[in-house]
Colleague: 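This is the structure I want to talk about, given as structure tokens.
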2 protein chains.
Amino acid sequence: MSNRRDAVHDILRHSDGFRSAQDIYAEMRSDGAKIGLTTVYRALQALADNGKVDVLRTDDGEAVYRACASGDHHHHLVCRRCGRTVEVAGPAVERWAETIGRENGFSDITHTVEVFGTCSSCVAALRAG
Amino acid sequence: MSNRRDAVHDILRHSDGFRSAQDIYAEMRSDGAKIGLTTVYRALQALADNGKVDVLRTDDGEAVYRACASGDHHHHLVCRRCGRTVEVAGPAVERWAETIGRENGFSDITHTVEVFGTCSSCVAALRAG
DNA sequence: GGACAAAATGAAAACCGTTGTCAAAATCGG
DNA sequence: CCGATTTTGACAACGGTTTTCATTTTGTCC
Ligand SMILES: [Zn+2]
Ligand SMILES: [Zn+2]
Ligand SMILES: [Zn+2]
Ligand SMILES: [Zn+2]
């Protein structure tokens, strides 16, 4: 039914790192797709609401999206240069967050965890410079 | 020298949780201070650049600031209802982030970690209805 | 104290990602 | 088909932040 939503989802599935709405919109337009920016935003919102994509905020406040392979709770190791992203599990972190919350009398504990670095290919590229 | 910067810093020092620029501006104005919003933004930027305050982004992309007691690397346990914030250390998380990065061939590893929950007083307030 | 240069200030405009509006277009149901 | 419902997208509006730039304050040297 919702062909547009699927189109947006497909773009994300074929991307490695996190992508912004405007980014996705630009790619779709340059691919000849007839779609409006509003619709891209709406599709991303719906996908995020249904847990189909992960969302996070860049340092400058922009929302970026990714269709992750894992549907389970996980975190991300992101190359700050090329955006390459690896999904990682962190049972120790999950336990730590829960414990630290409890110890301080907090309930309904959630957390956000992201790891950044420079991936090996980017290091190589920099060396070749 | 920079009287305004200190004034902004003071507001943060007397606040418990994270505060937004507009929030701080409103408080200063209602306290009779003669200051512009631009200056508040500039002061916060400078304080953040000098590592005097911690910054993070809310879910809706707003930047919020806090003058933390600890100058060392630490994370935050934040009440999502009243904003009360506890500074927490997580040596296990530091190690985990470093390891997971290394294992995937990443270097210059950094991370962001925040824990959210409902603090005990908020739970009590909710119960009292 | 002046005089002048450099830095700080703030009102208003510009910026930019995002959301709301609403009429047109596509889709559905009968 | 035909009316009802949903989806779409151009455009305007919004809100937080940054830029601009003329004015004010501060620092320095005499
Ligand atoms: Zn993910
Ligand atoms: Zn987790
Ligand atoms: Zn802190
Ligand atoms: Zn840490």
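Note that these values count all heavy atoms, side chains included, but never hydrogens, waters or copies made by symmetry.
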Colleague: Whole-Å distance between C:dC16 P and A:Gln22 CD?
Modeller: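 It works out to 10 Å between those atoms.
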Colleague: Which is more 5' along DNA chain C, the nucleotide nearest B:Val40 or the one nearest A:Ala21? Just name the residue.
Modeller: B:Val40
Colleague: Rounded to whole angstrom units, what separation is found between the CG atom of B:Asp59 and the P atom of D:dG15?
Modeller: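 Rounded to whole Å, this separation is 19 Å.
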Colleague: Which side-chain hydrogen bond (donor to acceptor under 3.5 Å, both in side chains) pairs, counting each pair once, include a residue from residues 86-95 of chain A, with sequence neighbours left out?
Modeller: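 Pairs touching residues 86-95 of chain A that pass the test: A:Arg66-A:Glu87, A:His73-A:Glu94, A:His75-A:Glu94, A:Glu94-A:His111.
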Colleague: Let me have a per-nucleotide readout for nucleotides 18-25 of chain D, 5' to 3', with B, S or -, counting only protein heavy atoms under 4.0 Å.
Modeller: BB------
Colleague: Can you confirm whether more than 12 heavy atoms, excluding those of B:Asn50, are under 6.0 Å from its CG atom?
Modeller: yes
Colleague: Do the non-hydrogen side-chain atoms of B:Met28 and B:Val8 ever get within less than 4.5 Å of each other?
Modeller: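 They are in side-chain contact.
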Colleague: Would you kindly give the CZ-to-P distance between B:Arg29 and C:dG10, to the nearest whole Å?
Modeller: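 Atom-to-atom, B:Arg29 to C:dG10, this comes out as 8 Å.
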Colleague: Between A:Arg84 and A:Ser121 (side chain of the first, backbone of the second, donor and acceptor by atom type, cut-off under 3.5 Å), is there such a pair?
Modeller: no
Colleague: Side chain of B:Thr85, backbone of B:Gly83: donor and acceptor closer than 3.5 Å?
Modeller: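 Yes, B:Thr85 side chain to B:Gly83 backbone: donor-acceptor pair under 3.5 Å.
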Colleague: The criterion is side chain to side chain contact (heavy atoms under 4.5 Å, CB included); which residues satisfy it with B:Arg19, sequence neighbours excluded?
Modeller: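 Counting only residues at least two positions away or on another chain, B:Arg19 forms a side chain to side chain contact (heavy atoms under 4.5 Å, CB included) with B:Ile11, B:Leu12, B:Ser15, B:Asp23, B:Ile24, B:Glu27.
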Colleague: Please report the distance, rounded to the nearest Å, between CG in A:Asn3 and C1' in C:dT27.
Modeller: 12 Å
Colleague: Only distances under 3.5 Å count here; give the side-chain donor-acceptor pairs of residues 39-48 of chain B to other protein atoms, sequence neighbours excluded, each with its distance to 0.1 Å.
Modeller:
residue : atom : partner : partner atom : Å
B:Tyr41 : OH   : B:Gln22 : NE2          : 3.4

Colleague: Would you kindly give the CD-to-P distance between A:Glu62 and C:dT19, to the nearest whole Å?
Modeller: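 My rounded result for the distance is 12 Å.
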Colleague: B:Asp6 CG to C:dA8 P: how many Å, rounded?
Modeller: 13 Å
Colleague: Would you kindly give the CE-to-P distance between B:Met28 and C:dT9, to the nearest whole Å?
Modeller: 10 Å
Colleague: Ignoring hydrogens and angles, tell me if any N or O in the side chain of B:Thr58 forms a donor-acceptor pair with the backbone of B:Glu62 under 3.5 Å.
Modeller: yes
Colleague: Please write out which residues are connected to A:Leu126 in a hydrophobic cluster, directly or through intermediates, given that two of Ile, Leu, Val, Met, Phe, Trp, Tyr count as joined at side-chain heavy-atom separations below 4.5 angstrom.
Modeller: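 Cluster partners of A:Leu126: none, it stands alone.
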Colleague: Calculate the interatomic distance between B:Asp23 atom CG and D:dT17 atom P; express it in whole Å.
Modeller: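 It works out to 11 Å between those atoms.
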Colleague: Taking only the side-chain heavy atoms of B:Thr39 (C-beta and beyond), determine which of C:dT18, C:dG10, D:dG16 contains the nearest atom.
Modeller: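 From the listed options, C:dG10 comes nearest.
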Colleague: Can you run through DNA chain D from 5' to 3' and write each base as (, ), [, ], | or . depending on how it pairs? Watson-Crick or G-U wobble, both distances under 3.5 Å.
Modeller: ||||||||||||||||||||||||||||||
